[in-house]
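Letters A, B, ... mirror the listed sequences (proteins, then strands); counts begin at 1.
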There are 2 protein chains.
Amino acid sequence: MAHGTSPRPLRPSGLSIGDIATRTGLAVSAIRYYEEEGLVAPYRTASGQRRFTRADLRRLSFVRIAQSLGFPLSRIRAAMQSLPADRPPSKADWGRISREFRADLDARIAQLEALRDKLDGCIGCGCLSLDSCALYNERDKAAALGDGPRYLMGDRSEDI
Amino acid sequence: MAHGTSPRPLRPSGLSIGDIATRTGLAVSAIRYYEEEGLVAPYRTASGQRRFTRADLRRLSFVRIAQSLGFPLSRIRAAMQSLPADRPPSKADWGRISREFRADLDARIAQLEALRDKLDGCIGCGCLSLDSCALYNERDKAAALGDGPRYLMGDRSEDI
DNA sequence: GTAATTCCTCAAGTGAACTTTAGGTCAAGC
DNA sequence: GCTTGACCTAAAGTTCACTTGAGGAATTAC
């Protein structure tokens, strides 16, 4: 920690990257990476050091939480782009994004449950080799989870 | 397809990698990769071409299904290592692995539901910035999902 | 018998989400 | 006033799960 034994109150000069790291549990290198990726935009001191506001702290906490829920950074960035740039986001702003993610999450859980039930009926009964097996043919259906292992979310609308 | 317009019956010589690819929906390159990773072990013809048995087809189908459920290859390999090497796996063998994955899946769904509910209570109410927020402090708890973004499964028992 | 496929290996590339390293600047504590 | 630690940038490395490409051999189709 840079500014003493406990992180100083945010005012007047904002938090350093080290302070933010300990507060959010993110690595310093991860925070720099998130800035590169446009997930957060700290201002700089005269000498070029990053300084973070309370709103930045919230953004980064949200990134961490959404990540732990399995959302890719691209999705998180997209959602956060709807946050206001001119004023600090309000409770309502965050609530809107939260509801968006909540809906995605519900869908993902439902999909997972459906597949789990097929797993019971299908692998459990040994029919894995049959061409009529529901799980086996899952790939043919529109409702299948993303078809690449890298896209667990199933929310990627681009090509592939 | 190598052996005619429709894939020939498995006997006497097994299926080629191309046949397996069309049957499982996997790419040829993916199947080669899975062999490298020890997930399947086809035999070879005199000239070095891969030939797959019915048991191999089942293994690869299982890999595809488990992948779509979000399990990493390392986990799938670990589970399949308990399959017998000397005889083709029985219905009971697959059933045991299936139950194992089903349990993991249930746990994952439960975790996701718990986090979703916290998302409601926590981000929804705007408390994201408070140090007492449950989601915010999720990382401190043993029950948290894997702490790296690459490990959505939370089933990785190694270091980190 | 030849052309078109399919197959082979090995090496390198891809994308996501970072970390690590190298080489330096700046600020805090004594 | 100097050392120590935190900070900076830029580039390269890491892991997972593959794909792509190069260069060549074997098989199949006509």
Side-chain angles (χ1 to χ4, degrees), chain A residues 1-5 7-8 13-22 25-40 42-52 60 63-64 66-68 70-77 146-153 155-156 158-160, chain B residues 1-5 7-8 13-22 25-40 42 44-52 60 63-64 66-68 70-77 146-153 156 158-160:
Chain A
M1 229 158 293
H3 299 291
T5 51
R8 281 193 323 207
S13 53
L15 289 167
S16 74
I17 196 168
D19 291 337
I20 282 280
T22 44
L26 292 165
V28 166
S29 60
I31 297 170
R32 292 206 189 100
Y33 174 71
Y34 293 156
E35 181 184 10
E36 234 175 277
E37 289 295 301
L39 293 161
V40 70
Y43 64 96
R44 303 292 182 119
T45 63
S47 67
Q49 292 201 357
R50 291 169 181 84
R51 288 295 178 266
F52 297 82
L60 288 171
V63 171
R64 195 183 220 293
Q67 277 253 15
S68 81
F71 292 93
L73 291 186
S74 56
R75 175 81 175 77
I76 300 170
R77 179 177 41 231
D147 70 356
R150 283 184 292 277
Y151 307 109
L152 295 172
M153 304 300 312
D155 62 11
R156 160 189 168 90
E158 304 113 78
D159 61 331
I160 239 191
Chain B
M1 228 159 292
H3 301 290
T5 52
R8 281 194 321 207
S13 52
L15 289 167
S16 74
I17 197 168
D19 291 336
I20 281 282
T22 44
L26 293 164
V28 167
S29 60
I31 298 170
R32 291 204 189 100
Y33 175 71
Y34 293 157
E35 181 184 9
E36 234 176 278
E37 289 293 303
L39 293 161
V40 69
R44 302 294 182 117
T45 64
S47 67
Q49 292 202 358
R50 292 170 181 83
R51 288 296 177 262
F52 297 81
L60 289 171
V63 171
R64 197 185 216 292
Q67 278 253 20
S68 81
F71 292 94
L73 292 187
S74 57
R75 175 80 176 77
I76 300 170
R77 179 178 39 233
D147 70 355
R150 283 184 293 278
Y151 307 109
L152 296 171
M153 304 300 310
R156 158 188 167 91
E158 303 113 76
D159 59 331
I160 237 186

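Rounded to whole Å, the distance from CZ on A/Arg75 to C1' on C/dA17 is 18 Å. As a whole-Å value, the separation of B/Ile17 CD1 from C/dT6 P is 13 Å. The distance from atom CD of A/Glu35 to atom C1' of D/dC8 is 11 Å, rounded to the nearest whole Å. Atom C1' of nucleotide D/dC8 and atom CZ of A/Phe52 are separated by 12 Å, given to the nearest angstrom. For the pair A/Leu15 CG and D/dA6 C1', the computed distance is 15 Å after rounding to whole Å. Between the CD atom of B/Glu36 and the C1' atom of C/dA11 there is a distance of 11 Å, rounded to whole Å. Straight-line distance from the CD1 atom of B/Ile31 to the P atom of D/dA17: 17 Å, rounded to whole Å. A straight line from CD of A/Glu37 to P of C/dT19 spans 13 Å, rounded to a whole angstrom.
Residue A/Ser16 places at least one side-chain N or O under 4.0 Å from the OP1 or OP2 atom of D/dC7. Phosphate contact (OP1/OP2 of D/dA17, side-chain N/O of B/Tyr34, threshold under 4.0 Å): absent.
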Would A/Arg51 and A/Arg44 count as a side chain to side chain contact (heavy atoms under 4.5 Å, CB included) here? Give the steps. CA-CA 6 Å; A/Arg51 288 295 178 266; A/Arg44 303 292 182 119; over 6 Å; no
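Which of D/dT19, C/dC18, D/dC18 sits closest to the side chain of A/Tyr33 comes down to C/dC18. Among the nucleotides D/dC18, C/dT9, D/dC8, the one closest to any side-chain atom of B/Gln67 is D/dC18. Comparing D/dT19, C/dT19, D/dT9 by their nearest atom to the side chain of B/Ser29 picks out D/dT19. When distances are taken from the side chain of B/Arg44 to each of D/dT9, C/dT20, C/dC8, the shortest belongs to C/dC8. Across C/dT9, D/dT9, D/dT19, the shortest atom-to-atom separation from the side chain of B/Ala27 is found for D/dT19. In the set D/dC18, D/dT19, C/dT19, C/dT19 carries the atom at the smallest distance from any side-chain atom of A/Ala30.
If A/Val28 and A/Ser47 are placed on DNA chain C by their nearest nucleotide, the residue sitting closer to the 5' end is A/Val28. Both B/Gln49 and B/Val63 lie near DNA chain D, and the one whose nearest nucleotide falls closer to the 5' end is B/Val63. Each of A/Ser74 and A/Thr45 was matched to the nucleotide of DNA chain C holding its nearest heavy atom; the match closer to the 5' end belongs to A/Ser74.
The nearest pair of heavy atoms linking A/Arg64 to A/Gly25 is NH2-O, 3.1 Å.
Between A/Tyr34 atom OH and A/Leu73 atom CG the span is 5.5 Å, to the nearest 0.5 Å.
Note on A/Arg50: only backbone sugar-phosphate atoms sit closer than 4.0 angstrom, heavy atoms only; bases stay farther off.
Each of A/Val63, A/Leu60, A/Ile20 was evaluated against A/Val40; a single residue qualifies, A/Leu60, per the side-chain contact (heavy atoms from CB on, under 4.5 Å) test.
Side chain of A/Arg77 to main chain of A/Gly38: no donor-acceptor pair is present (N/O by atom type, distance under 3.5 Å, no hydrogens or angles).
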